[in-house]
Undergrad: 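Just dropping this structure here.
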Amino acid sequence: MLTVDDARARILADATPLGAETVPLGLARGRVLARDVVARRTQPPQAMSAMDGWALRSVDLAEGHRTFRVNGEARAGEGFGGDVGPGEAVRIFTGAPVPPGADLVVIQEDTRVTGHHDSGAPAAVEITGERADAEAGDNIRPAGIDFQTGAVGLQAGRGLEARAIALAAAMGHPWLPVHRRPRVAILATGDELARPGEPLGPDAIVDAVSPCLTALFADAGADVVDLGIAPDARDRIDAQIAAARGADLLVTIGGASVGDHDLVQAALLAAGAEIDFWKIAMRPGKPLMYGRLSGMPVLGLPGNPVSAYVCSLLFALPLIDRLSGREPRDAASERLPLAAPVAANAMRQHYMRARLLRDGDGAETVLPVRDQDSSLLSALADADALILRRPHAPAAEPGELVDILRLDRLD
Ligand SMILES: Nc1nc2c(c(=O)[nH]1)N[C@H]1C(S)=C(S)[C@@H](COP(=O)(O)OP(=O)(O)OC[C@H]3O[C@@H](n4cnc5c(N)ncnc54)[C@H](O)[C@@H]3O)O[C@H]1N2
Ligand code: MOO
């Protein structure tokens with residue numbers, strides 16, 4: 001049987017990022033750039049003051065001048081308009097262009113206005129602070145110090161968080177080229193299934209997996225199309241598979257195993273799908289199936305809810321990442337000591353549901369839940385982590401280190 005790693009590699013091998021579309025900045029959060037973002041402008045466009053104070057010439061200070069004639073004002077959005085000459089100062093505010101001639105801003109806390117015009121505007125200013133260390137450039141942001149026209153600010157493949165959006169905006173881009181969001185169709189199968197809240201017969205259970213996958217996939221950036229529940233009848237499954245056309249990924253739930261009513265694979269084959277693999281060395285999740293239908297990847301998940309969930313974490317989410325233009329997430333593991341013994345593992349890589357315990361010193365240990373049945377949603381909801389047991393791993397005692405995956409980092 002195929003290993004988990006090989007299955008992941010096969011699924012990702014022929015998946016490529018979807019094409020580009022243009023979205024306004026306000027909708028760009030979480031998307032992935034399809035092309036580099038190049039600055040359309042220089043920032044700051046000219047030298048700007050970083051402080052409120054007085055713009056003057058450093059050479060005057062070096063020559064011992066302490067009192068300056070005030071010849072105007074520069075504010076953010078409106079420069080002074082003239083030059084600063086010897087013995088002159090311009091009142092300046094944070095974000096204002098530094099007038100030509102001035103090469104230094106003295107902060108206002110180090111000064112005192114010593115004379116006023118009739119209008120009340122300052123006429124003279126004295127430097128009161130110790131300015132021995134004043135240097136040309138003090139409190140001035142040079143033109144282009146942030147970025148210059150033509151600079152690549154953000155590279156293709158970059159995920160767009162708030163700070164990347166800020167840079168793109170500052171570079172003069174009201175909209176951005178991003179990879180299209182994957183359209184993911186979900187199809188549940190099974191005569192026994194009903195929607196949450198629907199009246200249930202004695203043989204029925206609620207389709208808990210579709211809402212679970214919808215949440216997982218939407219959070220990963222997919223546009224989810226829920227195709228509903230197909231009963232275990234070929235014509236109905238055929239019809240719903242046909243309805244998936246146009247999606248970028250079809251995920252089926254259930255009907256993947258070997259029972260007489262497990263019809264999904266036959267329906268896919270009849271629709272022209274090529275099955276790449278079926279069944280992998282994994283627990284839960286053995287009957288996982290992967291193939292392509294007219295170029296669209298198809299993941300056939302086992303119906304047991306825990307199996308469908310774990311398979312989604314390990315295979316569907318990385319595939320959605322790749323289609324979205326993102327680096328496929330890897331289930332990075334860490335090692336923690338066991339809080340209870342675990343038995344030797346058989347040939348399937350086992351993802352055991354487990355709880356993280358914290359002792360008085362804050363040290364963590366990991367406790368496998370008692371019943372690892374893949375139908376148990378309450379145990380899954382209680383779990384904080386999966387213990388990763390490699391094929392044929394020997395039994396392990398409390399205190400021994402095991403690999404774990406934290407669920408809050410995955411889902
Ligand atoms: N003889 C064998 N029987 C089974 C094998 C096997 O190798 N030989 N594999 C077992 C394993 S492992 C799994 S996992 C399941 C997978 O079965 P299917 O994918 O065919 O799924 P179903 O039979 O349709 O359902 C299994 C189970 O899950 C419930 N289910 C299905 N869909 C949903 C849903 N959307 N929400 C909630 N629960 C769902 C369904 O009622 C069944 O109880 O097969 C084993 N059998
Ligand atoms: O693989 Mo099944 O998913 O063990 O329950």
Side-chain angles (χ1 to χ4, degrees), residues 1-4 7-8 184-198 200-217 224-234 236-237 240-241 244 250-269 275 277-291 298-316 343 345-354 368-369 371-381 383 386-389 391:
M1 257 192 287
L2 205 60
T3 66
V4 170
R8 176 187 152 104
V184 181
I186 298 178
L187 173 61
T189 64
D191 287 337
E192 75 281 27
L193 298 180
R195 293 287 197 184
E198 272 180 3
L200 298 178
D203 300 336
I205 60 160
V206 174
D207 169 16
V209 178
S210 300
C212 173
L213 302 194
T214 299
L216 277 179
F217 300 165
V224 179
V225 184
D226 187 342
L227 295 176
I229 300 165
D232 294 319
R234 264 294 304 279
R236 300 290 297 278
I237 297 176
Q240 292 304 77
I241 286 174
L250 168 62
V251 177
T252 63
I253 306 159
S257 192
V258 294
D260 296 347
H261 306 284
D262 295 335
L263 304 171
V264 171
Q265 191 171 161
L268 284 167
L269 286 169
I275 306 300
F277 64 77
W278 177 45
K279 294 189 179 168
I280 63 172
M282 174 174 166
R283 179 181 169 206
K286 179 176 71 171
L288 178 74
M289 189 216 71
Y290 170 70
V298 182
L299 269 177
L301 305 184
N304 275 318
V306 180
S307 318
Y309 170 81
V310 176
C311 285
S312 292
L313 296 188
L314 298 185
F315 305 110
N345 191 23
M347 62 165 299
R348 291 195 275 159
Q349 183 147 300
H350 192 181
Y351 291 85
M352 303 177 77
R353 278 68 73 202
V369 303
D371 193 340
Q372 295 287 332
D373 186 296
S374 60
S375 70
L376 300 180
L377 281 168
S378 49
L380 180 65
L386 299 172
I387 298 173
L388 195 173
R389 300 276 289 151

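None of these values were measured; they are calculated from a predicted model. Remember, it's 1-based here, ligands and their atoms both numbered in the order they're listed.
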Undergrad: Checking a contact table here: which protein heavy atom is nearest atom 1 (N) of ligand 1, and how many Å away?
TA: Val258 CG2, 3.7 Å
Undergrad: Select the closest option to atom 22 (P) of ligand 1 among Ser210, Gly255, Ser257, Pro287, judged by heavy-atom distance.
TA: Gly255
Undergrad: Enumerate the atoms of ligand 2 whose separation from the nearest heavy atom of Pro287 is less than 4.0 angstrom.
TA: 1 (O)
Undergrad: Measure the distances from the heavy atoms of Cys311 to every atom of ligand 2 and state whether one is below 4.0 angstrom.
TA: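 It does not, in that no heavy atom of Cys311 comes within the 4.0 Å cut-off of ligand 2.
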Undergrad: Between Leu216 and Tyr309, does the side chain to side chain contact (heavy atoms under 4.5 Å, CB included) criterion hold? Intermediate values first, please.
TA: CA-CA 9 Å; Leu216 277 179; Tyr309 170 81; 4.1 Å; yes
Undergrad: For ligand 2, which atoms, with element, lie under 4.0 Å from some heavy atom of Pro284?
TA: 1 (O), 3 (O), 4 (O)
Undergrad: Can you list the residues that meet the side chain to side chain contact (heavy atoms under 4.5 Å, CB included) rule with Ala346, with sequence neighbours excluded?
TA: none
Undergrad: Report yes or no: does Ser307 have a heavy atom closer than 4.0 Å to ligand 1?
TA: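 Under 4.0 Å: yes for Ser307.
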Undergrad: On a heavy-atom basis, I'd like to know which of Leu193, Asn304, Leu263, Leu377 is closest to atom 26 (C) of ligand 1.
TA: Asn304
Undergrad: Please write down residue, atom name and distance for the protein heavy atom closest to atom 35 (N) of ligand 1.
TA: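 The closest heavy atom on the protein side is Asp207 OD1, 2.8 Å.
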Undergrad: Among all protein non-hydrogen atoms, which one is nearest to atom 5 (O) of ligand 2, and what is the separation to 0.1 Å?
TA: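 Minimum-distance protein heavy atom for atom 5 (O) of ligand 2 reads Ser374 OG, 2.4 Å.
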Undergrad: What residue and atom, counting heavy atoms only, is the protein's closest point to atom 38 (N) of ligand 1, and at what distance?
TA: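 Closest protein heavy atom to atom 38 (N) of ligand 1: Ile205 CD1, 3.4 Å.
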Undergrad: Under 4.0 Å from a heavy atom of Arg348: give me the atoms of ligand 2 that qualify, with their elements.
TA: 1 (O), 4 (O)
Undergrad: Please list the nearest protein heavy atom to atom 36 (N) of ligand 1 with its residue and the distance rounded to 0.1 Å.
TA: Ala208 N, 3.2 Å
Undergrad: Leu227: what forms a side chain to side chain contact (heavy atoms under 4.5 Å, CB included) with it, not counting sequence neighbours?
TA: Ala185, Leu187, Val225, Gln240, Ala243, Ala244, Leu250
Undergrad: Does even one non-hydrogen atom of Gly190 get within less than 4.0 Å of ligand 1?
TA: no
Undergrad: Output the list of atoms in ligand 2 that are nearer than 4.0 Å to some heavy atom of Asn304, sorted by atom number.
TA: 5 (O)
Undergrad: Compute the shortest N/O to N/O distance between Lys286 and ligand 2 and return yes if it is under 3.5 Å, no if not.
TA: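 For ligand 2, there is an N or O atom that lies under 3.5 Å from one belonging to Lys286.
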Undergrad: Name the one of Ser375, Ser374, Ser257 that satisfies side-chain hydrogen bond (donor to acceptor under 3.5 Å, both in side chains) with Asn304?
TA: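 Testing each of Ser375, Ser374, Ser257 against Asn304, the sole residue satisfying side-chain hydrogen bond (donor to acceptor under 3.5 Å, both in side chains) is Ser374.
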Undergrad: Checking a contact table here: which protein heavy atom is nearest atom 3 (O) of ligand 2, and how many Å away?
TA: Ser307 OG, 2.4 Å
Undergrad: What residue and atom, counting heavy atoms only, is the protein's closest point to atom 40 (C) of ligand 1, and at what distance?
TA: Glu192 OE2, 3.1 Å
Undergrad: Would you indicate which of Ser375, Ser374, Gly303 comes nearest to atom 21 (O) of ligand 1 when only heavy atoms are counted?
TA: Gly303
Undergrad: What is the closest protein heavy atom to atom 7 (O) of ligand 1, and at what distance does it sit?
TA: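 Its nearest protein heavy-atom neighbour is Lys286 NZ, 2.8 Å.
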Undergrad: Can you tell me the protein heavy atom closest to atom 23 (O) of ligand 1 and the distance?
TA: Asp262 OD1, 3.7 Å
Undergrad: To which protein heavy atom is atom 1 (O) of ligand 2 closest, and what is the distance rounded to 0.1 Å?
TA: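 Of the protein heavy atoms, Gly285 N, 2.5 Å lies nearest.
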Undergrad: For ligand 1, indicate whether the residue Ile253 contacts it via side chain, backbone, both or neither (heavy-atom separation under 4.0 Å).
TA: side chain
Undergrad: For atom 37 (C) of ligand 1, what's the nearest protein heavy atom and its distance?
TA: Val206 O, 3.5 Å
Undergrad: Which of the numbered atoms in ligand 1 are under 4.0 angstrom from any heavy atom belonging to Ala256?
TA: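 By the 4.0 Å cutoff, the relevant atoms are 18 (P), 19 (O), 20 (O).
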